[in-house]
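Below, chains carry the letters A, B, ... as their sequence lines are ordered, and counting in each starts from 1. Worth knowing before you read on, the calculation uses all heavy atoms, side chains too, and leaves out hydrogens, waters and symmetry mates.
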Amino acid sequence: MKTKNIMIVGVGGQGSLLASKTLGRLLMDQGYDVKVSEVHGMSQRGGSVVTYVRYGDKVYSPVIDKGEADYIISFELLEAARWTEYLREGGQIIVNTQQIDPMPVITGAASYPTDLVTKMSESNHKVDAFDALSLANEAGSSKAVNIVLLGRFSKYFDISDEAWNTALEACVPAKFLELNKRAFALGKSL
Amino acid sequence: MSKTLLLGNQAVARGLYEAGCTVASSYPGTPSTEITEFAAKYDEIACEWAPNEKVAMEAAFGASLAGKRSFCAMKHVGMNVAADPLFTISYTGVNAGMVIVVADDPGMHSSQNEQDSRHYAAAAKVPMLEPSDSDECLNFVKAAYEISERFDTPVILKTCTRVAHSQSLVELSDRVEPAMKAYEKTPSKYIMMPGFAKKRHPIVEERTAALTEFAETSSLNRVEMGGKGMGIITSSTCYQYVKEVFGDSVSVLKLGMVHPLPVRLIQDFAAQVDRLVVVEELDDIIETHCRKLGLNVEGKSLFPLLGEFSQNMIAEILGAEAPKGHALQEELPVRPPVMCAGCPHRGMFYTLSKNKITVIGDIGCYTLGAQAPLCAMDATICMGASISGLHGFNKARGEESESKTVAVIGDSTFMHSGMTGLVNVAYNATNSTVIILDNSITGMTGHQQNPTTGYNIKGDPAAKVDLEALCRALGIQRVRVVDPYDLAACEAAVKEELAANEPSVIISRRPCVLLKSVKANPPLSINADRCKSCKRCMKLGCPAISMKDGKACVDPTLCVGCNVCTQLCAFDAFESTAK
Ligand SMILES: Cc1ncc(C[n+]2csc(CCOP(=O)(O)OP(=O)(O)O)c2C)c(N)n1
């Protein structure tokens, strides 16, 4: 099988590490070779962050390059736009429509771009945009945006609910497991 | 045993465990930090955060001398700090095995420069291994201990951001702890005064020759013959990119040991291929070695000397097909890292910015004070350089700068290498004003304890440095503490200490808001009728405050109710949402 590529992008502090850990675990359990490349350190402080998840029979590079991603899961609208170039022809974007102003927008040096969903769709990409923040709040915490997105993402994927559950149980701290299972179900039900 | 998905750094820690390492002393630095954090989860390894890399390496040497396998880890610039012991431990060699991890950061994801640590292996004449994924991280640690003991040398394991911070599958085994080695007093081996050192140097040269011979046949280096049109010599993550692009269509010599480099192995490989190319990030170390062997090789004539490589870059440069993406035809605002909402550093930087103070800076979360709108920093070089730099600045300009220039330095950085600079201020007498930004943690690298926090790496209570007493003992009489959430107090302290006729230290003290022990206040909200749109609060650069429809607006998911903005607002527009 040719290596498949999933990018998880967002703003430092939004919980992308838990999402990539869960995905990595899920894919490993399916018997794939897996590589997950994360960002730690400086850019975690509210900067733009990107995580690469790759799986297949044999995965070499830990990173995804421009034009390679099959999926981009984005925690924030502007970040989806920023990484669109990494999507392959006909690739799929799954994006939380939440907008978080970056510092240049806050200081007034730049403005938050408009109509991003339309613009992303124009270049032959498929865009699935929805308000994951509201669903996370409905599940019980704004922090569960990551798992709501995974729930939504699971619809594009032929992997059983049991397998997802096992991965969640292995990666999510026990105290937050129920909340995150709710978040996953809400994302999936959409 | 089973396969599991491990981060490169976690796999190094597992390797330490399996290889029977007993003592690990490190100083944090991205991308090396998690190694020692993961190692600390094994009770069999005595782990610690040392105050700096030099102390860490010397502690690891001591443990090796005593007869137990030891370890230390650091980021690339940490090696500059630890270079002094390294160059001489190369001469003494070890008793039990000693392994050092140095983690490079090509692309500078989290660093102030892009130096190539391989130069240290060559300069200090110690072997260096370079893993290309997590499985190699684990197994190369074990190999490194064997080499260390067999060749009587410290061994460096070099990683980089992509290896350290990528997860891949790893096979685990059990721990095998070698028996403690006997310690025997051996002055000619361990006391490096000229008479003895002169006798050790030839041994080092012979060792390098023996290690070169080892490199010819070691399984750490391997040839993967494929198409013979092109032969690529590479290592680390570049190996992965090369395989990703070419698979078996080219031949690859993968080097797992990057110092010393083999001779015959490379010559034989070169003889079998039509075109010889070296793919290495940063400097041209392998390429230069090939040239010395008289080989016709391409390397930096094709590839850059800076930044990270990737599969597309290698494909394009070497004439293979690379996919292309479609970027949006629109200029997107950048999203740089920012000081967190409620960060205790902010109040002090606002004060410095407002009073147009020249700030000789240092490295830590507070370096973000350099960014707009605070812009309260003039220079940042390396850890500790703030205080020593301020002293030199004041020596050069005298009273004129002494009254309007400060140094800022974090608590961990002060312990690392700020203390000696402060001694110099007192001893060589400049009227300098130093601000220690004490947020009770090593923030930048993700919350490590340090000697000022009162806890050790395991979170257990530990001896706590009394910063006030320490500064006095170092020769500074004027030492005062302020709460950076209190803007009036910050301003008074800065003005008074700059005006004072002797050197002084201001300790700006409040714990990092991200610490679990710190409870957030309810978020603030804006009374839109009161907000006069003066934008004074925007001068703080707080990510929780923005202007929406002409009025200030607070993001309740980010605000922690620190009330610094409240003190700035002349119209009482900020209100507590507390019930
Ligand atoms: C020689 C060296 N070692 C390690 C690092 C990585 N590093 C950068 S800042 C820092 C410590 C910051 O802690 P502190 O001074 O307490 O400031 P804070 O981030 O908490 O504000 C570390 C470990 C480095 N840049 N240079």
Side-chain angles (χ1 to χ4, degrees), chain A residues 3 11-13 20-21 24-25 28 33-48 52 59-63 65-69 78-79 81-82 84-89 91 100-113 116 119-120 122-125 133 142, chain B residues 3-5 7 30-31 33-34 109-111 133 162-169 237 239-245 308 310-313 322-340 365 368 371-373 444-446 535 538 541-543 545-547 555 557:
Chain A
T3 299
V11 178
S20 61
K21 193 174 160 193
R25 173 63 194 243
M28 179 184 83
D33 187 21
V34 183
K35 282 192 177 166
V36 180
S37 195
E38 307 169 346
V39 182
H40 299 247
M42 187 84 175
S43 24
Q44 277 180 296
R45 304 271 174 277
S48 170
Y52 308 103
V59 179
Y60 287 106
S61 171
V63 299
D65 217 328
K66 289 178 183 159
E68 286 190 329
L78 172 59
E79 293 311 307
R82 189 186 311 288
T84 302
E85 194 177 1
Y86 281 71
L87 211 59
R88 70 166 165 75
E89 195 74 25
I100 301 175
D101 288 348
M103 200 40 78
V105 172
I106 290 179
T107 61
S111 51
Y112 199 104
L116 284 175
K119 286 171 191 161
M120 287 190 283
E122 276 163 5
S123 40
N124 205 8
H125 301 129
L133 181 60
S142 61
Chain B
K3 280 208 169 191
T4 132
L5 203 51
L7 201 63
T30 314
T33 312
E34 300 81 8
H109 295 271
S110 264
S111 303
D133 61 16
R162 293 306 174 189
V163 169
H165 286 164
S166 295
Q167 302 179 39
S168 59
L169 294 174
T237 189
Y239 162 79
Q240 307 289 357
Y241 303 146
V242 164
K243 291 297 279 190
E244 178 84 29
V245 174
E308 286 190 297
S310 72
Q311 50 262 36
N312 281 6
M313 175 205 264
K324 291 217 173 13
H326 299 281
L328 289 199
Q329 297 306 312
E330 172 147 353
E331 186 108 8
L332 300 174
V334 294
R335 190 187 300 273
V338 288
M339 234 182 231
C340 305
C365 286
L368 294 168
Q371 288 175 323
M444 176 86 262
T445 40
K535 295 194 182 169
M538 298 302 294
C542 176
I545 311 176
S546 56
M547 297 299 289
D555 180 341
T557 64

Side chain from CB out, backbone as N, CA, C, O: work out which of these in [X] comes under 4.5 Å of a heavy atom of chain A, or both, or neither.
X        : answer
B/Asp555 : neither
B/Ile545 : backbone
B/Lys324 : backbone
B/Cys365 : side chain
B/Met339 : neither

- Message: Tell me whether A/Arg82 is salt-bridged to A/Glu79, with the criterion being a basic N under 4.0 Å from an acidic carboxylate O.
- Response: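 Salt bridge present between A/Arg82 and A/Glu79.
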Nearest atoms (heavy-atom pairs only) where [X] meets [Y]:
X        : Y        : result
A/Leu133 : A/Ser142 : CD1-CB, 3.8 Å
A/Lys35  : A/Tyr60  : NZ-O, 2.6 Å
A/Pro62  : B/Tyr241 : CD-CE2, 4.1 Å
B/Pro336 : B/Gln371 : CB-NE2, 3.7 Å

- Task: Could you tell me which of A/Gly91, A/Ala110, A/Ala109, A/Ala81 has the largest number of non-hydrogen atom pairs under 4.5 Å with chain B?
- Result: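 Result: the option with the highest number of such pairs is A/Ala81.
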- Message: If you count heavy-atom pairs within less than 4.5 Å of chain B, which of A/Lys21, A/Lys119, A/Glu38 leads?
- Response: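 Maximum pair count with chain B is reached by A/Glu38.
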- Message: Exactly one of A/Val105, A/Asp101, A/Ile100 should register a side chain to side chain contact (heavy atoms under 4.5 Å, CB included) with B/Ser546. Which one does?
- Response: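 It is A/Asp101, the one option of A/Val105, A/Asp101, A/Ile100 that forms the side chain to side chain contact (heavy atoms under 4.5 Å, CB included) with B/Ser546.
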- Query: For A/Asp65 and B/Ser310, does a side-chain donor sit closer than 3.5 Å to a side-chain acceptor?
  - Reply: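 The criterion, which ignores hydrogens and geometry beyond distance, is satisfied for B/Ser310 and A/Asp65.
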Check whether [X] gets within reach of chain B through its side chain, its backbone, both or neither, counting any heavy atom under 4.5 Å.
X        : answer
A/Ile106 : both
A/Glu122 : neither
A/Val63  : both

- Any side-chain heavy-atom pair from A/Pro113 and A/Leu78 closer than 4.5 angstrom?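 Yes, close enough: below the 4.5 Å cut-off.
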- Which residue out of B/Pro31, B/Pro543, B/Ala322, B/Ala164 racks up the most heavy-atom pairs below 4.5 Å with chain A?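 Looking at each option in turn, the highest pair count goes to B/Pro543.
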- Considering only heavy atoms and a distance below 4.5 Å, find which of B/Met538, B/Gln329, B/Gln311 pairs most often with chain A.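 Top count of heavy-atom pairs under 4.5 Å with chain A: B/Gln311.
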